[in-house]
2 protein chains.
Amino acid sequence: MPLPSDEKSIVHVVDDDPSMREALQGLFLSIGLETRTYATAQDFLDTPVPDSPGCLIIDIRLPDMNGLDFQAQLSRTGVHLPVVMMTGYGDIPMSVRAMKRGAVDFLPKPFKDQDMLDAVFAAIERGRQQRAVDGDVSKVRERFETLSAREKQVMLLVTEGKMNKQVAGDLGISEITAKIHRGAAMRKMGARTLADLVRLADVINPRRRP
Amino acid sequence: MPLPSDEKSIVHVVDDDPSMREALQGLFLSIGLETRTYATAQDFLDTPVPDSPGCLIIDIRLPDMNGLDFQAQLSRTGVHLPVVMMTGYGDIPMSVRAMKRGAVDFLPKPFKDQDMLDAVFAAIERGRQQRAVDGDVSKVRERFETLSAREKQVMLLVTEGKMNKQVAGDLGISEITAKIHRGAAMRKMGARTLADLVRLADVINPRRRP
DNA sequence: ATCCAACTCATACTTTGATATGAGCATGCC
DNA sequence: GGCATGCTCATATCAAAGTATGAGTTGGAT
């Protein structure tokens, strides 16, 4: 497992205009941000994206695909990079649609370098936080997967607030066995106390409303 | 305490153009939505807003205040109605700024009636859900406030995962006393089990990260 | 002065939790 | 066959939780 901490952020630029690609690449490189450019949406989708932090700069108008559709497709494809949209001919409804779909920013061309940099910084920061959360959730899930089927059942019932006796009754096993599974679940989940286990369970099984 | 369930939603329209106010009022009334209109931001701020669900339609350009500043001021004033922005002369950066600040939608004038209705429905729905969450949180907080100072301390320590013995040590009291406060906290919070209490505590004291 | 709520503690008892030790049985893998 | 894993259960022990009863102190409000 690679160290996720001090990874370099990568800025991905998707624009069919070569001069814009070069300009942005120069801008980002000037502040030490690794940059990769793509001429089309398909170009980006065909290129394996390393699982590293960063963001995605998309021109709304692409040769092969609408920028908004592209944005929508990314989530489905499993790419969760924060998106900064830019366009030379967009209108307000288009920008609103992009923002509704979660874009970090929407810049009309031409834009000031500083505006783009601000947008990229905001995007990278948003991604960084999202990655931190996702990472925590993943770790908990991984641990949960190391539990046996019974241990999972017992853990979920216990964190519902049921006593060992009730858990045993629900599962049709003896209280002693339930205790053993409970102990194993605590150990495997790294939960020192029941309160910890409850919070871990809520990461896996989020409660809708209190 | 009033019943919060089936309250009527109220649409608040802030626009200095009388014909627009009338048109929108007519549109909303035609589908049975109670509507109130205001000519200026100050007019709205001076009028007591009942704590009922609904939304706020704001023209960006108001005589006394910029719509964006108005939007920003609302949160500070304690008004948390979802906002739909509209404008006759806005540009993309303005719409993006509004969306970043949490606007539900941003409609350029002229707009189709149906677009406005869609926006209002979305806004009301968002507000409804937010109100539900806020209501739940408030209820928990209210209950928590019925606890005595000691009971609060004990509850927080217990939900950190500490045993009664540790709680007693931390607070410099006997374990028996800690148990009494613990029991009182459980009863007053309506927590049947420790798992319940942990989740209630997390509503009051949200954990940053697992 | 009186009253009340909060806080404190003790004793006693019951229930539950946590853990260790030992063991039987089924499944699947090498 | 041998072996590991998971699931099951019993007995036993100790720690902790939960509850009930009774009682003393303090500080603030009436």
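In what follows, chains are A, B, ... by sequence order, proteins preceding strands, each numbered from 1.
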Self-check item: No-hydrogen, no-angle side-chain donor-acceptor test under 3.5 Å, B:Gln73 and B:Arg76
Solution: no
Quiz item: Side chains of A:Gln166 and A:Asp170: donor-acceptor distance under 3.5 Å anywhere?
Solution: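 The answer is no; no qualifying pair exists.
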Protein-nucleotide distance ([X], atom [atom1]; [N], atom [atom2]), rounded to Å:
| X | N | atom1 | atom2 | value |
| --- | --- | --- | --- | --- |
| B:Met186 | C:dT15 | CE | C1' | 14 Å |
| B:Arg150 | C:dT8 | CZ | C1' | 9 Å |
| B:Leu197 | D:dA17 | CG | C1' | 14 Å |
| A:Gln166 | C:dT15 | CD | C1' | 13 Å |
| A:Arg187 | D:dG6 | CZ | P | 10 Å |
| A:Leu194 | C:dG17 | CG | P | 9 Å |
| B:Glu151 | C:dA5 | CD | P | 13 Å |
| B:Ile176 | D:dA15 | CD1 | C1' | 15 Å |

NZ/NE/NH1/NH2 to OD/OE distance under 4.0 Å, [X] and [Y]:
| X | Y | value |
| --- | --- | --- |
| B:Glu160 | B:Arg207 | yes |
| A:Glu142 | A:Lys139 | no |
| A:Asp17 | A:Arg61 | no |

Counting side-chain heavy atoms from C-beta on, which of [options] comes nearest to [X]?
| X | options | value |
| --- | --- | --- |
| A:Lys179 | D:dT8, C:dT16, C:dG17 | C:dG17 |
| B:Lys165 | C:dC9, D:dA16, C:dG17 | D:dA16 |
| A:Ser174 | D:dC9, C:dA10, C:dG17 | D:dC9 |
| A:Ser148 | C:dT16, D:dC7, D:dA16 | D:dC7 |
| A:Ile173 | D:dC9, D:dA17, C:dC7 | D:dC9 |

Quiz item: If you look at every strand shown and take non-hydrogen atoms under 4.0 Å, does A:Ile180 touch a base, only sugar-phosphate, or nothing?
Solution: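 Base contact.
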Quiz item: Touch check for A:Thr177, heavy atoms < 4.0 angstrom, all strands: base, sugar-phosphate only, or nothing?
Solution: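 Here A:Thr177 touches the bases of the nucleic acid.
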Quiz item: DNA chain D: A:Glu175 or B:Arg182, which has the more 5' nearest nucleotide?
Solution: A:Glu175
Quiz item: Is any side-chain N or O of B:Asn164 closer than 4.0 Å to OP1 or OP2 of D:dA16?
Solution: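 False: B:Asn164 side-chain N/O out of range (4.0 Å or more) of D:dA16 OP1/OP2.
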Quiz item: Between A:His181 and D:dG6, is there a side-chain N or O to OP1/OP2 distance below 4.0 Å?
Solution: no
